[in-house]
*Asks:* 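Quick one: the structure is below, and I'll ask about it shortly.
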Amino acid sequence: DAKTTQPNSMESNEEEPVHLPCNHSTISGTDYIHWYRQLPSQGPEYVIHGLTSNVNNRMASLAIAEDRKSSTLILHRATLRDAAVYYCIRREMGADGLTFGKGTHLIIQP
Amino acid sequence: KAGVTQTPRYLIKTRGQQVTLSCSPISGHRSVSWYQQTPGQGLQFLFEYFSETQRNKGNFPGRFSGRQFSNSRSEMNVSTLELGDSALYLCASSTTPGAQETQYFGPGTRLLVL
């Protein structure tokens with residue numbers, strides 16, 4: 001049970017913003033939302049995480065809904081190197097590692 | 001700072017054999033987790049070690065085991081290999097365990113069981 005729901009795939013154009021949605025309607029108050037991505041033939045790579053408020057780092061932004069039942073990963077200006085599978089993970093306190101779902105396959109068109 | 005390293009990168013074994021995979025975490029990281037990735041099941045959590053103790057274990061048979069050494073390096077062992085054990089085995093390290101901790105993954109060991 002991945003505990004999150006994401007679209008199977010999304011397509012965007014290079015140099016445009018990308019908004020990757022994630023639904024986590026059964027989230028509890030102490031669960032963190034993590035995003036990882038996996039490029040072809042590589043191990044997963046951390047992108048960003050948050051608990052309640054929106055978060056920004058050099059890679060992306062994370063917008064968490066006020067009720068915390070959904071979140072959106074924002075890539076401000078996609079490049080071809082951002083083509084990957086993006087995983088939204090709900091991480092519970094004391095959780096057994098990271099529970100990966102099927103993720104969203106992001107395709108970037110030049 | 002060097003990243004997570006895993007050895008070997010590729011391995012071919014036959015059914016019934018056993019295999020040991022090694023993981024060296026990022027310097028200063030004391031928590032190590034292992035994952036199995038297959039096309040059918042995706043990424044699945046195997047187990048997590050912290051301070052030489054197994055904290056959590058995923059839903060895998062007892063043929064899968066691991067350990068962590070005092071220098072935080074970790075090994076996982078699979079005994080009596082089956083064809084279905086063919087997978088990419090990933091190791092990840094973090095400073096400590098915890099829901100807010102970031103895990104840093106290695107490149108993985110690709111195991112093929114014939």
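Chain letters run A, B, ... following the sequence lines, proteins first and then strands; every chain starts at 1. Quick caveat: nothing in here was measured; it's all calculated off a predicted structure.
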*Asks:* Do the two ring centres, one from F47(B) and one from Y49(B), sit under 6.0 Å apart?
*Replies:*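 Yes.
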
*Asks:* Are there more than 12 heavy atoms of other residues, nucleotides or ligands under 6.0 Å from atom CZ of R110(B)?
*Replies:*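 No, CZ of R110(B) has 12 or fewer neighbouring heavy atoms, counting only those of other groups under 6.0 Å.
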
*Asks:* Are E75(B) and R73(B) within salt-bridge range, i.e. N to O under 4.0 Å?
*Replies:*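 Salt bridge between E75(B) and R73(B), a charged N being under 4.0 Å from a carboxylate O: yes.
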
*Asks:* Could you look at Q37(B) and say if it's the side chain, the backbone, both or neither that has a heavy atom under 4.5 Å from chain A?
*Replies:*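 The answer is the side chain of Q37(B).
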
*Asks:* Please name the residue in the list T99(A), T4(A), T26(A) that meets the side chain to side chain donor-acceptor pair (under 3.5 Å) test with R90(A).
*Replies:*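 Going through the options one by one, the only one that passes is T26(A).
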
*Asks:* Looking only at the side chains, is there a donor atom on one of E14(A) and Q109(A) sitting less than 3.5 Å from an acceptor on the other?
*Replies:*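 No donor-acceptor contact under 3.5 Å links the two side chains.
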
*Asks:* Which members of residues 80-103 of chain B, sorted by number, sit under 4.5 angstrom from chain A on a heavy-atom basis?
*Replies:*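 Only L90(B), G98(B), A99(B), Q100(B), E101(B), T102(B), Q103(B) of residues 80-103 of chain B have a heavy atom under 4.5 Å from chain A.
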
*Asks:* So, do Y87(A) and Y36(A) have ring centers that fall under 6.0 Å from each other?
*Replies:*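 No: the rings miss the under 6.0 Å criterion.
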
